[in-house]
*Asks:* 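Take this structure, written in structure tokens, and hold onto it; I'll ask about it next.
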Amino acid sequence: MSEVKKPVFQPNKAFAKEARIKNMCEYQELQDWAHEDYEGFWDHFAKEKIDWFEPYTNVLDESNMPFVKWFEGGKLNVAHQCIDRHLDSRKNKAAIIFEGDRGDKQIITYLELYYNVNKMANLLKNEFGVEKGDRVVIYMPMIPEAAYAMLACARLGAIHSIVFGGFSAEALRDRIIDAEAKTVITADGAFRKDKPYMLKPVVDKALEEGCECVGKVLVVERNGEDVEWVAGRDYSYNEMIDQQSPVCDAEPMDSEDPLFLLYTSGSTGKPKGVQHNSAGYILWAQMTMEWVFDVKENDTYWCTADVGWITGHTYIVYGPLAMGATTIMFEGVPTYPDAGRPWKMVEEYKINQFYTAPTAIRVLHKTGAEEPKKYDLSSLKVLGTVGEPIDPPAWKWYYEDIGNSKCAIVDTYWQTETGGHMVSPLPGATPIKPACATFPLPGIMGEILDPETGEKVGAGESGYMCVTRPWPSMIRGVWGDPERFVKSYFGDVTKDGKPVYFTGDGANYDEDGYITITGRTDDVINVSGHRMGTAEVEAAIKKSSDVAEVAVVGKPHELKGEGIFAYVVLKNEENLGELVDTMKAINNVIKQEIGNIALCDDIVFVPGLPKTRSGKIMRRILRSIAKGEAITQDTSTLEDPAVVGQIESCVKNGSC
Ligand code: PRX
């Protein structure tokens, strides 16, 4: 590959001196240790990091790949790991610092967190009958009670499944039904840009149909707006919580007992319930917090994600609390009241590590490039990015204007399925290059493989980003669908005759062996760092009565990374007169079926789709047309090659 050589930035020397991993030699030693004695490596850290109720008898059982077992026989409780074990030394330390949209603040110490979580656990157990193994859906805004709910479930051994608050009633319903949830925890709503918005009505709508599994709904009253209460089903958290005992035993859980489900999009079919289990997940969450953010005892760490995504799970709640850190939770949006909000908060809380998505960096850069200059950002030591490839201009602004050219940027590459970081710089050790995830973390056997041969590709070459050995926080299954689990992740790439975990991403090594992630190789679109399956969006659009056929692809977008581009064939061409209404109708259907995050940026009406003779839609052609690229693919195998030219002119003219 002929690429312009990227500049290299060395770690800050003063920072490196105090870092947990201080240089590349230490990195290499750890990585060599893992290569030579994989189980010994993990055994060491599992013993060092986790407060076991009972020790495990076996480090790793991979005899039934990909159904692996880590730390079998061990007993622990993740809420205990995140809270109770800190009480001796950190009871008065801030565990969570909350800032509301309107600037209201709350500091929750570890002792207060302990009581709040216990009360919530007692409420769920004693009033709702929630038991170990039950599924609890959490549909919440970014308020401390969302973290209490997660940890209360963990304390009882119930499996939480958080649904992002931007998903629609239909999407919420599908997830409730798939998980057969017994309880839903929600809020009346919350605040965004100084205005209340609502969640409870969405839950009410979701529960109208097919959710007989749900017996009880717990409602946190956050914004105080009127909501409907269904007698015998809906209960107010605010009214009940003070009557609960602040003491609740943590249920001893097996290492491989499920901790949570999190639904994510795949290239086909409906979203998958990614299952994470207890010991391996919490171990890697904690280790990566320590290594990648290098949070120190007195530091304040802020991850701007939402708890509805995996980043919120691992790097707002579980990882920081497992290591006893102070984590910020922010209800609002980074551009309100202006694009200086995050920098104002950095100054005020003296934040040391700041973790966000490239899409947020682009928006903050575009709408407030000068804002950082107004604030004192000197507390910052580590800046993180996650969720999508970051483009060099955004990286440069982040590095120079936010980090004052002295902070490491950790471009963390990982996925819902990996539970924690896989490929990332270490802030005290790794010389970084812009927009480059660099190297696999110690213990992670990440390799770029040639999909055909299964061989590791060489310097300057690209291939598929794979992980060749199971790691502790690896996805343990797709809820209720073991076949889909195997097929989705272990079906495409084989190394030495054995299927290996394939991430779905393409990547390349540069001349120094640095890994750059280039994006998905499948039909998954990454919109503002959120994964959307094209199949899912297409299924939603097809519900619109005017639509005969549809194909959706991703198109580069200045702020979102990728936007959604839909090619729609209408049932009745006479409808072409009311195109604007039809577009609106299509986006309304998407809003209802999935939520605003899946709205299309472009909808183009076309006379037909480019299909092979066997009926397969040639999406690559559609991707090229959306990007305005010349068609280089062979179109002679299409059922109707002429359709390509017709589609091109529709796109050029805005429609047919
Ligand atoms: O395509 C990769 C991209 O985000 C996908 C995972 O999305 P999700 O499961 O929603 O988790 C997002 C938060 C971990 C990956 O398959 N991705 C994630 N991080 C990066 C990235 N692409 C490039 N660089 C990254 N640092």
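On a predicted model such as this, the values are computed, not experimentally measured, just so you know.
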*Asks:* Would you mind checking if Lys487 and Asp481 are paired as a salt bridge, meaning a charged N to carboxylate O distance below 4.0 Å?
*Replies:* no

*Asks:* Whether Asp194 and Arg102 form a salt bridge (side-chain N of Lys/Arg under 4.0 Å from carboxylate O of Asp/Glu) is what I want to check.
*Replies:* yes

*Asks:* Gln81 and side-chain hydrogen bond (donor to acceptor under 3.5 Å, both in side chains): which partner among Lys49, Gln286, His86?
*Replies:* Gln286

*Asks:* Using salt bridge (Lys or Arg N to Asp or Glu O under 4.0 Å), reason through Asp84 and Arg155 one step at a time and then give a plain yes or no.
*Replies:* CA-CA 11 Å; Asp84 308 30; Arg155 194 157 195 92; 2.7 Å; yes

*Asks:* Mind running ring-ring contact (aromatic ring centres under 6.0 Å, His included) on Phe485 and Phe67 for me, showing each step along the way?
*Replies:* CA-CA 9 Å; Phe485 166 56; Phe67 299 92; 5.4 Å; yes

*Asks:* So, for His80 and Phe53, is the gap between ring centers shorter than 6.0 Å?
*Replies:*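 Yes - the distance between ring centres of His80 and Phe53 falls below the 6.0 Å cut-off.
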
*Asks:* Is Glu331 salt-bridged to Arg222, going by a charged N under 4.0 Å from an acidic O?
*Replies:*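 Looking at Glu331 and Arg222, the cut-off is met.
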
*Asks:* Looking at side-chain heavy atoms only, is the closest gap between Phe128 and Leu123 below 4.5 Å?
*Replies:* yes

*Asks:* With heavy-atom distances below 4.5 Å as the criterion, would you say the side chains of Ile310 and Phe260 are in contact?
*Replies:*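 Yes, side chains in contact.
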
*Asks:* Can you find a side-chain donor-acceptor pair between Gln106 and Asp104 that sits under 3.5 Å?
*Replies:* no

*Asks:* Determine whether Leu60 and Lys69 make a side-chain contact, defined as any pair of heavy atoms from C-beta on separated by less than 4.5 Å.
*Replies:*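 Sidechains of Lys69 and Leu60: no contact.
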
*Asks:* Indicate yes or no: does Asp204 engage Arg233 in a salt bridge with an N to O separation below 4.0 Å.
*Replies:* yes

*Asks:* What do you reckon, is CD1 of Ile107 surrounded by more than 12 foreign heavy atoms closer than 6.0 Å?
*Replies:*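 12 or below, so no.
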
*Asks:* Between Asp234 (side chain) and Trp229 (backbone), is there a donor-acceptor pair under 3.5 Å?
*Replies:* no

*Asks:* Can you tell me if Glu180 uses its side chain to pair, donor with acceptor, with the backbone of Cys213 under 3.5 Å?
*Replies:*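 Between the backbone of Cys213 and the side chain of Glu180 there is no qualifying donor-acceptor contact (under 3.5 Å).
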
*Asks:* Can you tell me how far apart CD1 (Ile328) and CZ (Phe354) are? Round to the nearest 0.5 Å.
*Replies:* 10.5 Å

*Asks:* Are the aromatic ring centres of Tyr197 and Phe191 under 6.0 angstrom apart?
*Replies:* no

*Asks:* Find the distance between OG1 (Thr109) and CG (Asn92) and round it off to the nearest 0.5 Å.
*Replies:* 6.0 Å

*Asks:* Is it true that atom CG of Asp51 has more than 12 heavy atoms of other residues, nucleotides or ligands lying nearer than 6.0 Å?
*Replies:* yes

*Asks:* Can you tell me how far CG of Asn352 sits from CG of Leu383, rounded to the nearest 0.5 angstrom?
*Replies:*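 The CG atom of Leu383 sits 11.0 Å away from the CG atom of Asn352.
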
*Asks:* Are Glu99 and Lys344 within salt-bridge range, i.e. N to O under 4.0 Å?
*Replies:*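 Judged by the 4.0 Å cut-off on N to carboxylate O distance, Glu99 and Lys344 do not form a salt bridge.
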
*Asks:* Could you tell me whether the side chain of Asp294 reaches within less than 4.5 Å of the side chain of Lys296, counting heavy atoms only?
*Replies:*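 Yes - at least one pair of side-chain heavy atoms lies under 4.5 Å apart.
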
*Asks:* Would you indicate whether Glu48, at its atom CD, is surrounded by more than 12 heavy atoms from other residues, nucleotides or ligands within a distance under 6.0 Å?
*Replies:* yes

*Asks:* To the nearest 0.5 Å, what is the distance between CG (Asp411) and OG1 (Thr385)?
*Replies:* 4.0 Å

*Asks:* In sequence, state the C-alpha distance, the side-chain angles, and the governing distance for Met150 and Met140, and then conclude on side chain to side chain contact (heavy atoms under 4.5 Å, CB included).
*Replies:* CA-CA 11 Å; Met150 295 163 78; Met140 291 276 270; over 6 Å; no

*Asks:* Check whether any side-chain heavy atom of Trp471 lies under 4.5 Å from a side-chain heavy atom of Thr418, and answer yes or no.
*Replies:*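 Yes - at least one pair of side-chain heavy atoms lies under 4.5 Å apart.
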
*Asks:* Evaluate the criterion salt bridge (Lys or Arg N to Asp or Glu O under 4.0 Å) for residue pair Arg469 and Glu62; output intermediate values, then yes/no.
*Replies:* CA-CA 9 Å; Arg469 284 201 81 173; Glu62 42 187 337; 2.4 Å; yes

*Asks:* Can you classify the ring geometry of His160 versus His313 as parallel (below 30°), tilted (30 to 60°) or perpendicular (above 60°)?
*Replies:* tilted

*Asks:* Going through the distances and angles, do Ile96 and Leu113 end up as a side chain to side chain contact (heavy atoms under 4.5 Å, CB included)?
*Replies:* CA-CA 8 Å; Ile96 298 174; Leu113 181 65; 4.0 Å; yes

*Asks:* Could you go through the side chain to side chain contact (heavy atoms under 4.5 Å, CB included) check for Glu127 and Tyr235 one step at a time?
*Replies:* CA-CA 10 Å; Glu127 314 279 349; Tyr235 295 84; over 6 Å; no

*Asks:* Heavy-atom count check: over 12 atoms from other residues, nucleotides or ligands less than 6.0 Å from Lys350 NZ?
*Replies:* no

*Asks:* Find the distance between CD1 (Ile475) and OH (Tyr489) and round it off to the nearest 0.5 Å.
*Replies:*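 Reported to 0.5 Å precision, the distance equals 4.0 Å.
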
*Asks:* Can a donor-acceptor pair be found, under 3.5 Å and without considering hydrogens, that links the side chain of Trp52 to the backbone of Ala46?
*Replies:* yes

*Asks:* Mind checking whether Tyr56 and Phe71 have parallel, tilted or perpendicular rings, split at 30° and 60°?
*Replies:*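 If you compare the ring of Tyr56 with that of Phe71, the planes turn out tilted.
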
*Asks:* Using side-chain heavy atoms (C-beta onward) and a distance below 4.5 Å, is Val214 in contact with Val137?
*Replies:*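 Heavy-atom side-chain distance check fails, nothing below 4.5 Å.
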
*Asks:* Would you say NZ of Lys91 has more than 12 non-hydrogen atoms from neighbouring residues, nucleotides or ligands within 6.0 angstrom?
*Replies:* no

*Asks:* Side chain to side chain contact (heavy atoms under 4.5 Å, CB included) between Lys270 and Asp178: does it pass, once the steps are laid out?
*Replies:* CA-CA 10 Å; Lys270 56 181 185 144; Asp178 192 78; 2.8 Å; yes

*Asks:* Could you tell me whether the side chain of Asn122 and the main chain of Ser245 form a donor-acceptor pair under 3.5 Å?
*Replies:* yes

*Asks:* Within a strict 4.5 Å, meaning less than it, do heavy atoms of the Thr412 and Tyr355 side chains meet?
*Replies:*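 A side-chain contact exists here, since the closest heavy-atom pair is under 4.5 Å.
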
*Asks:* Determine whether the side chains of Glu417 and Thr264 contain a donor N or O and an acceptor N or O closer than 3.5 Å.
*Replies:*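 Side-chain D/A pair, Glu417 to Thr264: absent.
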
*Asks:* Just checking Gln243: does its CD atom have more than 12 heavy atoms from other residues, nucleotides or ligands closer to it than 6.0 angstrom?
*Replies:*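 Atom CD in Gln243 is crowded, with more than 12 foreign heavy atoms closer than 6.0 Å.
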
*Asks:* Please confirm whether Phe167 and Tyr139 have ring centers closer than 6.0 angstrom.
*Replies:* no

*Asks:* Report yes or no: is the cationic atom of Arg90 (NZ for Lys, CZ for Arg) under 6.0 Å from the centre of the six-membered ring of Tyr110, at an angle within 45° of the ring normal?
*Replies:* no

*Asks:* Verify, without hydrogens or angle tests, whether Lys182 (side chain) and Gly129 (backbone) share a donor-acceptor contact under 3.5 angstrom.
*Replies:*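 The answer is yes, because a donor-acceptor pair under 3.5 Å joins these two groups.
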
*Asks:* What's the spacing between Met287 CE and Leu441 CG if we round to 0.5 Å?
*Replies:* 9.0 Å

*Asks:* Can Glu348 and Lys105 be counted as an ion pair, charged N to O under 4.0 angstrom?
*Replies:* yes

*Asks:* Taking the inter-plane angle between the rings of His530 and Phe164 on a 0 to 90° scale, is it parallel (under 30°), tilted (30 to 60°) or perpendicular (over 60°)?
*Replies:*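 Plane angle between 30° and 60°, so tilted.
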
*Asks:* So do Met329 and Val307 actually touch side chain to side chain, heavy atoms under 4.5 Å?
*Replies:*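 Yes, their side chains come closer than 4.5 Å.
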
*Asks:* For atom OH of Tyr115, is the number of surrounding heavy atoms from other residues, nucleotides or ligands below 6.0 Å larger than 12?
*Replies:* no

*Asks:* One thing to verify: whether Lys93 and Glu297 come together as a salt bridge, which I'm taking to mean a side-chain N less than 4.0 angstrom from a carboxylate O.
*Replies:*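 Salt bridge present between Glu297 and Lys93.
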
*Asks:* Does Gly312 offer a backbone N or O that forms a donor-acceptor pair with the side chain of Asp306 under 3.5 Å?
*Replies:*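 Not confirmed, Asp306 side chain does not pair with Gly312 backbone.
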
*Asks:* Spell out, as yes or no, whether a donor-acceptor pair under 3.5 Å connects the side chain of Thr314 to the backbone of Thr311.
*Replies:*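 Side chain of Thr314 to backbone of Thr311: no pair is present.
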
*Asks:* Distance-only, no hydrogens or angles: does the Asp134 side chain make a donor-acceptor pair with backbone N or O of Ala158 under 3.5 Å?
*Replies:* no

*Asks:* Is the shortest distance from a Lys or Arg side-chain nitrogen in Arg173 or Glu170 to a carboxylate oxygen in the other one below 4.0 Å?
*Replies:* yes

*Asks:* Taking atom NZ of Lys75 as the centre, report whether more than 12 heavy atoms of other residues, nucleotides or ligands fall under 6.0 Å from it.
*Replies:*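 Check passes, neighbour count above 12.
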
*Asks:* Would you say the side chains of Gln244 and Asn126 form a donor-acceptor pair under 3.5 Å?
*Replies:*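 Result is no, nothing qualifies.
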
